[in-house]
Amino acid sequence: LSLSTLRLLCLGACCVAGSYCAAENPAFPGADPHVAVFGNKYWGYPSHSTNPNIQFHSFDFVAYSSTDLVKWEESEPILKIEDISWIKEDGAKDHWLWAPGIAEKNGKYYLYFSVGPQNPTPSRIGVAVSDAPDGKFEDIGQPLLTGGDGFEAIDPMVFQDKDGTAYFYAGGSAGAKLRVFRMKPNMIEFDEEIKVDTPPNFTEGAFMHEIDGTYYLSYSHGGWNNPNYSVHYATAKSPVGPWEYHGAILTSGPKHKGPGHHSFFQHPKTGQWYIAYHYWPSTKNEPPLEGQRQCAIQKVTFHADGTIDKVVPSDE
Ligand code: FUB
């Protein structure tokens with residue numbers, strides 16, 4: 001057995017036993033990963049593209065599943081652009097998908113996704129539903145949210161609070177504006193918009209989670225193809241603010257630049273928290289960064305005072 005095979009076996013065995021679980025990076029290809037735990041598996045949903053010139057033009061989505069954060073299995077396509085009936089209604093010539101967000105409720109899975117172009121027609125967000133985390137997902141037949149008036153409808157994320165209420169977060173890029181909606185119990189319609197402040201240094205990629213009554217709003221800051229891309233966060237006593245800004249948590253490191261568009265998830269047995277994000281493989285310090293973005297996973301530590309230890313991209 002080679003050293004790397006032995007290492008894989010050891011990490012996998014330790015992780016399944018619930019004692020230790022370190023990822024190996026890059027975890028899987030793509031960008032904007034939303035990683036969640038469903039049943040006894042980790043599931044990763046990224047933007048993916050095989051064309052380095054069109055970094056966020058996905059024409060379908062796939063899911064990656066793993067039991068140990070080391071070996072990831074790619075699914076068949078879970079949603080294809082040609083199965084989304086309303087996409088062409090804006091009259092634009094070309095369309096694409098990116099930045100999926102996943103949620104589960106009562107055994108149904110909801111995949112929220114961004115639809116381009118962002119201009120001259122407004123960006124849109126759709127949602128598709130499945131009975132399984134690896135699909136197939138069926139689009140609901142109409143957009144859930146459309147951009148406009150300086151708001152870009154991109155980077156959807158749904159957070160379910162302890163009382164079961166679901167909140168939808170989206171927005172960013174040129175508008176750099178965050179919008180939040182309380183969802184109806186069916187997870188495919190909005191109940192009402194909740195006016196929130198856009199936190200400092202917000203660019204895009206909002207993510208909400210809660211630990212012991214502290215609500216963490218984290219988000220990307222900077223240019224998505226620039227080394228200054230990073231993840232910042234703010235905390236609140238509710239899922240809709242008011243926010244207390246804490247600064248950057250994930251920034252470029254010596255090996256990999258421009259990390260961002262992340263998600264947080266927890267080891268189901270040990271409670272260890274992880275951050276999933278994408279980075280650029282290049283070590284150059286100037287944009288444009290080379291190659292395809294890659295998804296990475298690292299341990300992260302939250303403190304009782306609401307602060308988070310800083311992270312830089314690492315290979316494990
Ligand atoms: O992947 C395309 C865009 O890049 C996303 O919308 C942003 O969050 C950034 O990651």
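Computation of the quantities below employed the complete heavy-atom set of this structure, encompassing side-chain atoms and omitting hydrogens, waters and symmetry-equivalent molecules.
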Peer 1: So how far is it from H34 NE2 to S47 OG, rounded to the nearest 0.5 Å?
Peer 2: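 Here the rounded value is 13.0 Å.
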
Peer 1: Is there a donor-acceptor contact under 3.5 Å from the side chain of S66 to the main chain of K71?
Peer 2: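 Yes: the side chain of S66 pairs with the backbone of K71.
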
Peer 1: Can you tell me if D305 has over 12 outside heavy atoms packed within less than 6.0 Å of its CG?
Peer 2: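 More than 12 heavy atoms, drawn from other residues, nucleotides or ligands, come within 6.0 Å of this atom.
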
Peer 1: Mark yes or no for whether T198, through its side chain, and L178, through its backbone, hold a donor-acceptor pair below 3.5 Å.
Peer 2: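 Checked: pair present.
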
Peer 1: Does V115 reach the side chain of I84, with side-chain heavy atoms less than 4.5 Å apart?
Peer 2: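 No, their side chains stay 4.5 Å or more apart.
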
Peer 1: Where do Y167 and M208 land on the side-chain contact (heavy atoms from CB on, under 4.5 Å) test, with the steps shown first?
Peer 2: CA-CA 9 Å; Y167 296 87; M208 169 58 64; over 6 Å; no

Peer 1: Are the side chain of N25 and the backbone N or O of S314 linked by a donor-acceptor pair below 3.5 Å?
Peer 2: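 Such a contact is found between N25 side chain and S314 backbone.
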
Peer 1: Classify the ring geometry of H57 against F59: parallel below 30°, tilted from 30° to 60°, perpendicular beyond 60°.
Peer 2: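 Geometry flag for F59 against H57: perpendicular rings.
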
Peer 1: Mark yes or no for whether S220, through its side chain, and H261, through its backbone, hold a donor-acceptor pair below 3.5 Å.
Peer 2: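 Judged by distance alone, yes, a pair lies under 3.5 Å.
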
Peer 1: Would one find more than 12 heavy atoms of other residues, nucleotides or ligands at under 6.0 Å from atom CD of E138?
Peer 2: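 For E138, atom CD is not crowded (no more than 12 foreign heavy atoms under 6.0 Å).
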
Peer 1: Show the nearest heavy-atom pair for residues N40 and T67, with the distance to one decimal.
Peer 2: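 So the two residues come closest at O-CG2, 4.0 Å.
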
Peer 1: Just wondering, do L144 and F168 contact through their side chains at under 4.5 Å, heavy atoms?
Peer 2: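 A side-chain contact under 4.5 Å exists here.
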
Peer 1: Just wondering, more than 12 heavy atoms not from Q266 lying within 6.0 Å of its CD?
Peer 2: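 Enclosed.
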
Peer 1: Let's go through M187 and Y112 carefully: what are the C-alpha distance in whole Å and the side-chain angles of both, what is the deciding distance for side-chain contact (heavy atoms from CB on, under 4.5 Å) to 0.1 Å, and is it a yes or a no?
Peer 2: CA-CA 10 Å; M187 302 286 276; Y112 304 86; 3.6 Å; yes

Peer 1: Hey, what do you get for CD1 (I211) to OG1 (T235), rounding to the nearest 0.5 Å?
Peer 2: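 I211 CD1 to T235 OG1: 11.0 Å, rounded to 0.5 Å.
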
Peer 1: Do P313 and Y277 come within less than 4.5 Å of each other through their side chains, counting heavy atoms only?
Peer 2: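 Yes, at least one pair of side-chain atoms sits under 4.5 Å.
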
Peer 1: Step by step, would you call H246 with Y233 a ring pair (Phe, Tyr, Trp, His ring centres under 6.0 Å)?
Peer 2: CA-CA 6 Å; H246 296 277; Y233 75 108; 4.9 Å; yes

Peer 1: Can you tell if the side chain of S65 reaches within under 4.5 Å of the side chain of F38, non-hydrogen atoms only?
Peer 2: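 Heavy-atom side-chain distance check fails, nothing below 4.5 Å.
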
Peer 1: Is there a continuous path of hydrophobic side-chain contacts, each under 4.5 Å between heavy atoms, that joins V312 to F264?
Peer 2: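 No; F264 is not reachable from V312 via cluster members.
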
Peer 1: Is any side-chain heavy atom of K237 less than 4.5 Å from a side-chain heavy atom of T214?
Peer 2: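 In contact.
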
Peer 1: What is the distance from atom NZ of K136 to atom NZ of K80, rounded to the nearest 0.5 Å?
Peer 2: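 With rounding to 0.5 Å, NZ (K136) is 4.5 Å from NZ (K80).
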
Peer 1: Shortest non-hydrogen contact from P46 to G44?
Peer 2: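 Closest approach of P46 to G44: CD-O, 3.6 Å.
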
Peer 1: Would one find more than 12 heavy atoms of other residues, nucleotides or ligands at under 6.0 Å from atom CD of E76?
Peer 2: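 Result for CD/E76: open.
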
Peer 1: Report, as yes or no, whether the 6.0 Å neighbourhood of atom CG on D309 holds more than 12 heavy atoms from other residues, nucleotides or ligands.
Peer 2: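 Yes, because the 6.0 Å sphere around CG of D309 holds more than 12 heavy atoms from other groups.
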
Peer 1: When you look at H209 and F265, which way does the ring pair (Phe, Tyr, Trp, His ring centres under 6.0 Å) test go after all the steps?
Peer 2: CA-CA 9 Å; H209 74 293; F265 64 95; over 10 Å; no

Peer 1: How about F190 and L145: do any of their side-chain heavy atoms sit closer than 4.5 Å?
Peer 2: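 F190 vs L145: side chains touch.
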
Peer 1: Test your reading of the model: is there a side-chain donor-acceptor pair from D139 to the backbone of G141, 3.5 Å cut-off?
Peer 2: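 Looks like yes, one N/O pair under 3.5 Å.
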
Peer 1: Once you measure the plane-to-plane angle for H232 and Y245, does it fall in the parallel (<30°), tilted (30-60°) or perpendicular (>60°) bin?
Peer 2: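 The rings of H232 and Y245 lie parallel, inter-plane angle below 30°.
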
Peer 1: Are I102 and W43 close enough that some pair of their side-chain heavy atoms sits under 4.5 Å apart?
Peer 2: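 Heavy-atom side-chain distance check fails, nothing below 4.5 Å.
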
Peer 1: State the CG-CZ distance between N225 and R293, to the nearest 0.5 angstrom.
Peer 2: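 Output value for this atom pair is 8.5 Å.
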
Peer 1: Under 3.5 Å, is there a donor-acceptor pair between the D90 and T121 side chains?
Peer 2: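 On atom types as modelled, these side chains qualify, holding a pair under 3.5 Å.
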
Peer 1: When rounded to the nearest 0.5 angstrom, what distance separates OG in S263 from OH in Y274?
Peer 2: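 Nearest 0.5 Å value for the OG-OH distance: 13.5 Å.
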
Peer 1: Enter the distance from W72:CH2 to E74:CD here, rounded to the nearest 0.5 Å.
Peer 2: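 CD of E74 is found 12.5 Å from CH2 of W72.
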
Peer 1: Which of parallel (below 30°), tilted (30 to 60°) and perpendicular (above 60°) describes F302 and W273?
Peer 2: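 F302 vs W273 ring planes: perpendicular.
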
Peer 1: Give the cluster check for V62 versus I297: same hydrophobic cluster or not, with ILVMFWY residues linked at side-chain heavy-atom distances below 4.5 Å.
Peer 2: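 Hydrophobic grouping puts V62 with I297.
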
Peer 1: Taking the side chain as every heavy atom from C-beta outward, state whether P259 and S252 have any pair of such atoms under 4.5 Å apart.
Peer 2: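 In contact.
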
Peer 1: For the side chain of Y45 and the backbone of P133, is there at least one donor-acceptor N/O pair under 3.5 Å apart?
Peer 2: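 Yes; at least one donor-acceptor contact below 3.5 Å.
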
Peer 1: Counting only heavy atoms not in K105 (residues, nucleotides, ligands), do more than 12 fall under 6.0 Å from its NZ?
Peer 2: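 Yes, because the 6.0 Å sphere around NZ of K105 holds more than 12 heavy atoms from other groups.
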
Peer 1: In terms of hydrophobic clusters joined by side-chain contacts under 4.5 Å, are W98 and F137 together?
Peer 2: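 As far as the 4.5 Å side-chain criterion goes, F137 and W98 are connected within one cluster.
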
Peer 1: Please check if the side chain of H256 supplies one atom and the backbone of Y279 the other of a donor-acceptor pair under 3.5 Å.
Peer 2: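 No, because the side chain of H256 does not come within donor-acceptor range (under 3.5 Å) of the backbone of Y279.
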
Peer 1: Under a 3.5 Å distance rule, please check whether R124 uses its side chain to pair with a backbone N or O of I87 as donor and acceptor.
Peer 2: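 Present.
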
Peer 1: When you measure from the side chain of E24 to the backbone of A27, do you find a donor-acceptor pair of N or O atoms at a distance under 3.5 Å?
Peer 2: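 Not a single qualifying donor-acceptor pair exists.
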
Peer 1: Once you measure the plane-to-plane angle for Y42 and H267, does it fall in the parallel (<30°), tilted (30-60°) or perpendicular (>60°) bin?
Peer 2: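 Geometry flag for H267 against Y42: perpendicular rings.
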
Peer 1: Hey, any chance V300 and Y215 share a hydrophobic cluster, counting ILVMFWY side chains that come within less than 4.5 Å of each other, even indirectly?
Peer 2: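 Yes, it is one cluster - the side chains of V300 and Y215 are joined through contacts under 4.5 Å.
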
Peer 1: Passes side-chain contact (heavy atoms from CB on, under 4.5 Å), H48 versus F28? Steps please.
Peer 2: CA-CA 10 Å; H48 78 114; F28 47 83; over 6 Å; no

Peer 1: For the pair K41 (side chain) and V37 (backbone), establish whether a donor and an acceptor sit closer than 3.5 Å, ignoring hydrogens and angles.
Peer 2: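 No; zero donor-acceptor contacts below 3.5 Å.
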
Peer 1: Among the clusters formed by ILVMFWY side chains lying less than 4.5 Å apart, do I194 and F181 turn up in the same one?
Peer 2: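 They do not share one cluster, since no chain of ILVMFWY contacts under 4.5 Å joins I194 to F181.
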
